[in-house]
**Student:** 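To start, I am sharing the structure in question, which I have written as structure tokens.
Because the structure is predicted, anything quoted here is derived from the model rather than measured. When reading the values below, keep in mind they use all heavy atoms of this one structure, side chains included, and skip hydrogens, waters and symmetry mates. Letters A, B, ... mirror the listed sequences (proteins, then strands); counts begin at 1.
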Amino acid sequence: AQSVTQLGSHVSVSEGALVLLRCNYSSSVPPYLFWYVQYPNQGLQLLLKYTSAATLVKGINGFEAEFKKSETSFHLTKPSAHMSDAAEYFCAVRVIFGNEKLTFGTGTRLTIIP
Amino acid sequence: NAGVMQNPRHLVRRRGQEARLRCSPMKGHSHVYWYRQLPEEGLKFMVYLQKENIIDESGMPKERFSAEFPKEGPSILRIQQVVRGDSAAYFCASSSGTGRPSTNYGYTFGSGTRLTVV
């Protein structure tokens, strides 16, 4: 079975500052990892994904994440926060083969301070 | 090229009524996943369906909940005799479902149905 832990249910950063959202995973088999963003009263939008190719993954809106197997982490970063980045962010994991079922973390709500 | 369509967007039901949530997958997709998001929580997997088959229902509550994906038409998530604890956002996702690494990852989610039980 696989699981995801997101450290920090709420994160606040100043506009222009570095964004760092933490995600650690547990999986008995090689995983695929994802970050999704959810704006209020909307569905989930895929930000980026790790699929066992490059360990540094670039996504939309200037976000990127690095897969670190030794640390079982997949932290999401953005060099400079923008007001439009305020949203809820979810990390998710699935196994490489078989069922495409995703296991989600509990989410991190990102607030941007003007 | 419409994405995953869910309707209704908002649904209000009184306790004891039935709720029917519909999901039309993306064109060409034959695999559908349902997730539930309770307030202040992440998404929890409920059920995975292919056309006319339930593949994995390990996340479905044992009673009152059922899902189908008929040969024609949308996938339906049905909740009988709703209770206040069923109030949540229900999301559907679809994929082409081949499962191989070279194909789909991070399938597309619909905008969800927000169920409120009063």
**Student:** What distance separates Leu102(A) CG from Tyr48(B) OH, expressed to the nearest 0.5 Å?
**Tutor:** 12.0 Å
**Student:** Going only through I, L, V, M, F, W and Y residues with side-chain contacts under 4.5 Å, is there a path from Tyr90(B) to Met5(B)?
**Tutor:**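 No: no chain of side-chain contacts under 4.5 Å links Tyr90(B) to Met5(B).
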**Student:** Can you measure from CE (Met46(B)) to NZ (Lys101(A)) and round to the nearest 0.5 angstrom?
**Tutor:**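 One finds 13.0 Å between CE of Met46(B) and NZ of Lys101(A).
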**Student:** With a 4.5 angstrom heavy-atom cut-off, which part of Gln37(B) approaches chain A: side chain, backbone, both or neither?
**Tutor:** side chain
**Student:** Would you say that more than 12 heavy atoms from the other residues, nucleotides or ligands in this model lie under 6.0 Å from the NZ of Lys44(B), or not?
**Tutor:**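 Counting neighbours around NZ of Lys44(B), 12 or fewer heavy atoms of other residues, nucleotides or ligands fall under 6.0 Å, so no.
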**Student:** Measure across Phe91(B) and Gln38(A) and return the closest heavy-atom pair with its distance rounded to 0.1 Å.
**Tutor:**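 Minimum heavy-atom contact is CZ-NE2, 3.3 Å.
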**Student:** Which residues in residues 110-118 of chain B have any heavy atom lying under 4.5 Å from a heavy atom of chain A?
**Tutor:** Gly110(B), Ser111(B), Arg114(B)
**Student:** From Tyr35(B) OH over to Phe104(A) CZ, what is the distance, rounded to the nearest 0.5 angstrom?
**Tutor:**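 Taking OH in Tyr35(B) and CZ in Phe104(A), the distance rounds to 5.5 Å.
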**Student:** For Arg22(A), does the CZ atom have more than 12 heavy-atom neighbours from other residues, nucleotides or ligands under 6.0 Å away?
**Tutor:**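 No, the 6.0 Å shell around CZ holds no more than 12 heavy atoms from other groups.
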**Student:** Inspect the surroundings of CD in Gln17(B) and state if more than 12 heavy atoms from other residues, nucleotides or ligands are less than 6.0 Å away.
**Tutor:** yes
**Student:** Any link between Phe45(B) and Phe65(B) through a network of hydrophobic side chains (Ile, Leu, Val, Met, Phe, Trp, Tyr) touching at under 4.5 Å?
**Tutor:**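 The answer is no; the residues belong to distinct hydrophobic clusters.
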**Student:** Are Leu56(A) and Leu47(A) linked, directly or through other ILVMFWY residues, by side chains that come within less than 4.5 angstrom of each other?
**Tutor:**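 Not linked; separate clusters.
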**Student:** Please answer: with hydrophobic residues joined when any side-chain heavy atoms are less than 4.5 Å apart, are Tyr50(A) and Val93(A) in the same cluster?
**Tutor:**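 Linked within one cluster.
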**Student:** Going by residue number, which parts of residues 105-114 of chain A are within reach of chain B, meaning a heavy-atom gap below 4.5 Å?
**Tutor:** Gly105(A), Thr106(A), Arg109(A)
**Student:** Any chance CZ of Arg9(B) has more than 12 other-residue heavy atoms, nucleotides or ligands included, within less than 6.0 Å?
**Tutor:** yes
**Student:** Verify the cluster assignment for Leu21(A) and Val37(A): are they in a single hydrophobic cluster under the rule of side-chain heavy atoms below 4.5 Å apart?
**Tutor:** yes
